[in-house]
Enquirer: 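Here you go, one structure.
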Protein chains: 2
Amino acid sequence: MFNHAVSRLKQITEAVRDAGSLGVADLAALTGASEMTIRRDLEVLAAQGVLERFRGGARSLLLRCSEPPFALRTDENMAAKRRIAATVAGMIADGESVVLDSGTTCLEVARLLHDRRITVMPLSLHAVNALSSSTSLTLLVPGGRPRPGELALTGPLTLASLSALRFDTAVIGCCGLSAAQGLTAFDLEDASVKRAAISSARRVIAAVDASKLSRTALAFVAPASSLDAVVTDADGDEDLAAAGVTVVTA
Amino acid sequence: MFNHAVSRLKQITEAVRDAGSLGVADLAALTGASEMTIRRDLEVLAAQGVLERFRGGARSLLLRCSEPPFALRTDENMAAKRRIAATVAGMIADGESVVLDSGTTCLEVARLLHDRRITVMPLSLHAVNALSSSTSLTLLVPGGRPRPGELALTGPLTLASLSALRFDTAVIGCCGLSAAQGLTAFDLEDASVKRAAISSARRVIAAVDASKLSRTALAFVAPASSLDAVVTDADGDEDLAAAGVTVVTA
DNA sequence: GAGTTTCGAACACCACTGATGTTCAATCAC
DNA sequence: GTGATTGAACATCAGTGGTGTTCGAAACTC
């Protein structure tokens, strides 16, 4: 999938979400692509659960409070994510055992850990795939049910895998973080996995780009005080610092 | 990776295994490729643990009793594997829960199950990846440590995942099968995972191409009598049939 | 330490794959 | 029944990845 195609998918997703529903011809005119291409795109997006096809067009299935699918988030804020990931990777010492959350920022962390001599348990199959070719690190796969698209592992098998282990460090991504509301996630299942990851680790690092600070999502994960450090690309957050959290600016 | 490249890798693997060690120039002459390409190939094979580089050449690390790496087996006996896989897939009914072993034959089964409405727990990340884009089936990932190359999940996390569940059917691949020696595998860890898979399933189907019948590998898994059916491409095996196993010829 | 060999990074080239557009027959809605 | 919509099939094109060549650096030999 090329950048070109991804940006068109994103454009379609947003246009359909804003309008509620749109016709194939409208989308073709909007994007400059042929109707056939639009149909193929809609098929892809329908498979991801973003929207629903009907004859002549598609209607959005995106709730206001849910996040866009993984494939459409991967190259948003790339630069910030890379910087944050590099800082997080630098905070991990050789020989450590790390549990790595799902999400695009944590996937960047995974890529940077590929050649390190550590033990990693990623909570998303995307990160598992990024790391499975490594010979230097010990890769542990948690059990679970992968959520479509996101490929984040959830459910009782995941919780059992986490509760059986104790990690030096947990690297957690999230959908919202503030001193008052704490760490929040869009998905309820995800939230309980994050909570389990946090409680099985001695040190907790949150990797959060600026767009997520001061935002709040549906599912509560943990209070800000349970984080040992927050790595972000924004200037130091006053409230978080006041809550006793070490804020690292990447 | 093209067919061309894979067959050259296979050629190199075999030549180095037979000779014990070979020089880059020898391999270039043998394959007709440039020395640079040979060096790149040797790097790939070294990463897979097939051989060890030294200045000017490489020496084989393949034990006589171990199997060649996954990437080199994928398109051997393709036709037979496809036929076997199709037969196995046909023996699985909608709504069933299936545990699917690692190996190239079972990976073909996974591909055929992609759009079925069943529950599948693959024991290899290759199969997980083949199935993770499906919306129709319920995919369960077992925990564990993926073995490099093969990406078969092993270890206590895998055993725990299996013992927590009860499946309708287990589809088992193996490295050797005979009425007298039973089911055998090259890897000890794999063997215990296969055993756990067998004991957590009500029905056990073995998918075995002809090259594995009458062969025996190091690790004993289970007696032939614990199999409910054997699907193979060879003509019905007399001994197995005599042992009370249903032999299905694909 | 000089000479030779091997290595690997960088670049150019080529084949192939995968995305896109076009056409057309089949299908669906009214 | 009529018109719009769809998806399969084929042609086209761009990007990717594998391969070869060159050349400077490193390593091994003597």
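Any value given below was found using the heavy atoms of this structure, including those in side chains, with hydrogens, waters and symmetry copies removed. Reminder, nothing fancy here: chain letters follow the sequence lines and each chain counts from 1.
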Enquirer: Could you state the atom-to-atom distance from CG of B/L27 to C1' of D/dT19 in whole Å?
Expert: 17 Å
Enquirer: Starting at CD of A/E35 and ending at P of D/dT5, how long is that distance when rounded to a whole Å?
Expert: 7 Å
Enquirer: Within less than 4.0 Å of OP1 or OP2 of D/dT29, is there a side-chain N or O belonging to B/R55?
Expert: no
Enquirer: Would you indicate, yes or no, if D/dT19 has its OP1 or OP2 atom less than 4.0 angstrom from a side-chain nitrogen or oxygen of B/R8?
Expert: yes
Enquirer: In plain terms, say whether B/K81 and B/D233 are close enough for a salt bridge, that is, a side-chain N and a carboxylate O under 4.0 Å apart.
Expert: no
Enquirer: Please report the distance, rounded to the nearest Å, between NE2 in B/H4 and P in C/dT17.
Expert: 14 Å
Enquirer: A/L9 CG to C/dT20 P: how many Å, rounded?
Expert: 8 Å
Enquirer: Starting at CG of A/D41 and ending at C1' of C/dA19, how long is that distance when rounded to a whole Å?
Expert: 10 Å
Enquirer: Could you give me the CA-CA distance, side-chain angles and deciding distance for A/S133 and A/H114, then say whether side chain to side chain donor-acceptor pair (under 3.5 Å) is met?
Expert: CA-CA 8 Å; A/S133 65; A/H114 187 277; 2.9 Å; yes
Enquirer: When the distance from CD of B/E43 to C1' of C/dG8 is rounded to whole Å, what number comes out?
Expert: 9 Å
Enquirer: Roughly, in whole Å, what's the span from CE in B/M36 to P in D/dT22?
Expert: 14 Å
Enquirer: With a 3.5 Å distance limit and no angle check, can you tell me whether B/N77 reaches the backbone of B/A80 through a side-chain donor-acceptor pair?
Expert: no
Enquirer: A/G143 and A/T158: which non-hydrogen atoms are nearest, and at how many Å?
Expert: O-OG1, 2.8 Å
Enquirer: Side chain of B/R53 only, please: which of D/dT5, C/dC7, C/dT22 is the nearest?
Expert: C/dC7
Enquirer: Nearest of D/dT19, D/dT6, C/dC7 to any side-chain atom of B/R39?
Expert: C/dC7
Enquirer: Would you indicate, yes or no, if D/dG20 has its OP1 or OP2 atom less than 4.0 angstrom from a side-chain nitrogen or oxygen of B/T37?
Expert: yes
Enquirer: Starting at CZ of A/R40 and ending at P of C/dG18, how long is that distance when rounded to a whole Å?
Expert: 14 Å
